[in-house]
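So the structure is just underneath, and the comments pick up after that.
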Amino acid sequence: MKKILIIGAGTAGTMMAVHLSRKLNRKEWSITILDKDENHYYQPGYLFIPFGIYTKQDVIRKGAKYIPAGVEYLLAQADQIIAEQNRVKLKDGREIAYDILIIATGTNIHPEETQGMVENGWRENIFDIYTADGADALSKKLPGFKGGKIAIHVVEMPIKCPVAPLEIAFMIDWFFTNKGMRKDVAIDFVTPMAGAFSKPATAKVMGHLLKERGINLVTDFGTERVEYGKLVSYDKGTVDYDLLITTPTNMGDALMARSGLGDDLNYVPTDKHTLQAKAKDNIFAHLGKMSMKFVYWNILLKGIPVPGIASKMGRMGKIIPQTA
Amino acid sequence: MATKEIAGKTVNVTEEGYLTDPAQWTREVAQAIAAEEGITLTDAHWKVIDFLKKDFAAAGVLASMRRINKTGGIATKDLYDLFPEGPLKKAARIAGLPKPTSCV
Ligand SMILES: Cc1cc2nc3c(=O)[nH]c(=O)nc-3n(C[C@H](O)[C@H](O)[C@H](O)COP(=O)(O)OP(=O)(O)OC[C@H]3O[C@@H](n4cnc5c(N)ncnc54)[C@H](O)[C@@H]3O)c2cc1C
């Protein structure tokens with residue numbers, strides 16, 4: 001019996017468990033998925049929480065609910081991946097050996113990476129929409145906002161869901177327009193990029209739309225630190241705010257650092273065509289939603305090229321040595 | 001794609017003046033591009049350029065400012081002092097590497 005171990009039962013891990021459980025021969029393969037959080041969060045829903053359209057409860061379900069029968073689900077935190085020995089140590093002391101490991105631990109915000117962000121007003125006049133708690137805290141702040149300067153802000157790229165900051169900017173505009181107080185609210189969109197979005201064509205369209213909605217675009221802003229009510233850039237630019245909605249530095253789980261598998265942002269360097277970790281062929285990482293499909297085929301086909309698939313999905317995986 | 005005369009050489013460049021063929025990069029070309037940016041290259045500049053080139057060769061992508069800081073050991077503040085106004089864009093251009101897509 002061979003084992004596939006999936007770390008993380010978020011979007012990607014759950015989808016992998018579902019797809020693989022349908023296709024793999026259960027006499028040959030067993031699948032285990034684990035998550036440190038019993039809850040599964042529907043993250044796109046975070047955008048609606050600040051405006052009272054959703055509540056926090058609306059975006060939370062029990063993770064086990066989506067795991068198909070026959071797949072083992074464990075509530076546990078992966079503490080270290082020992083890639084050389086094909087096993088994972090859990091925080092509770094248990095160990096799991098695997099043949100194939102899928103790392104689907106996602107990415108999270110790290111406000112402490114920016115000097116002063118946590119100390120100078122976090123969840124008081126600084127909020128995020130990348131966590132359920134952040135969105136919930138903002139929902140309590142917005143109704144009482146009497147007018148002033150709101151900055152929508154991105155610290156550094158890359159970030160998960162790069163359109164989310166733009167979405168929140170337009171929703172803030174809509175919210176205060178509806179309340180009849182848009183003229184009392186100035187909105188800045190502050191980004192380290194040269195435009196509103198990383199892809200030039202989209203950046204152009206979004207740039208126009210922001211302007212149309214009276215949202216001021218501040219580009220090339222490399223945030224050095226946060227003072228109370230003020231963003232300061234490395235080249236001494238400043239943006240004042242009464243309310244900051246920020247996207248802090250995004251990083252992968254610290255598990256990667258503990259396992260010696262991560263880069264500067266705790267992401268696992270992979271072959272970009274197959275998503276196999278450069279460190280080890282039987283570890284797949286960075287699934288996301290689209291790329292999940294590659295991994296799926298690579299595992300199913302175990303590196304055997306199939307006409308049509310490779311061209312659609314990228315190159316085939318390196319053949320994984322079959323340990324009996 | 002355009003070509004450009006620089007430091008006595010003809011090099012291929014993008015519209016924004018980034019070299020497209022790393023083989024055409026020389027230290028003289030770097031100095032000439034730096035001069036266009038109003039920068040005189042010192043040892044501190046070369047440390048950044050050498051790191052960017054070495055890292056690009058190994059990783060296949062341009063290092064971020066975070067990586068230059070954490071792995072290259074060059075503080076982001078110093079990077080701004082060395083290459084004012086858009087340090088990564090300028091340093092990449094001088095190093096003959098692609099323009100950063102998502103960064104200052
Ligand atoms: C505000 C916002 C809006 C978005 N809007 C959209 C949208 O409109 N459309 C869209 O397609 N996408 C959207 N997304 C993106 C989408 O939510 C993510 O792409 C998706 O959730 C990523 O899936 P994942 O499985 O990689 O990570 P996640 O879903 O974050 O799951 C990671 C899981 O791993 C677990 N984990 C982490 N470390 C460990 C460990 N050491 N041990 C055990 N478990 C661990 C976590 O508890 C978590 O359950 C949005 C995201 C945000 C934040």
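In the text below, chain A, chain B and the rest are named by the order of the sequence lines, each starting its count at 1.
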Report task. Answer with yes or no whether the side chains of B:Thr71 and A:Asp264 bring together a donor and an acceptor at under 3.5 Å. Result -> yes
Requested in this report: Give the C-alpha distance, both sets of side-chain angles, the deciding distance and a yes or no for side chain to side chain contact (heavy atoms under 4.5 Å, CB included) between A:Asp220 and B:Glu85.
Outcome: CA-CA 9 Å; A:Asp220 296 305; B:Glu85 296 163 43; over 6 Å; no
Report summary line: CG of B:Asp78 to OH of A:Tyr234, rounded to nearest 0.5 Å, is 10.5 Å
Query raised in the report: If you count the non-hydrogen atoms of other residues, nucleotides and ligands that lie under 6.0 Å from CZ in A:Arg213, is the total more than 12?
Result: no
Query - For A:Ala186, all residues meeting side chain to side chain contact (heavy atoms under 4.5 Å, CB included), sequence neighbours excluded - result: A:Lys149
Report summary line: Residues at least two apart in sequence or cross-chain that pass salt bridge (charged side-chain N to carboxylate O under 4.0 Å, His left out) with B:Lys70, listed by chain then number, are A:Glu113
Query - Carboxylate-amine/guanidinium contact B:Arg67 A:Asp263, below 4.0 Å - result: no
**Report entry** Residue list, salt bridge (charged side-chain N to carboxylate O under 4.0 Å, His left out) with A:Lys199, at least two apart or on another chain
**Finding:** none
Query raised in the report: Applying a criterion of heavy atom separation less than 4.5 Å, what residues of residues 51-58 of chain B form contacts with chain A?
Result: none
Query raised in the report: Could you walk me through whether B:Arg66 and A:Leu265 pass the side chain to side chain contact (heavy atoms under 4.5 Å, CB included) check?
Result: CA-CA 9 Å; B:Arg66 164 179 293 273; A:Leu265 288 167; 3.2 Å; yes
Query raised in the report: So does A:Lys204 have more than 12 non-hydrogen atoms from other groups sitting under 6.0 Å from NZ?
Result: no
Query - Non-hydrogen atoms of A:Lys278 and B:Ala59 that approach each other most closely - result: NZ-O, 4.5 Å
Query - Heavy-atom contact with chain B under 4.5 Å, split by part of A:Thr219 - result: neither
Query raised in the report: Is it true that atom NZ of B:Lys9 has more than 12 heavy atoms of other residues, nucleotides or ligands lying nearer than 6.0 Å?
Result: yes
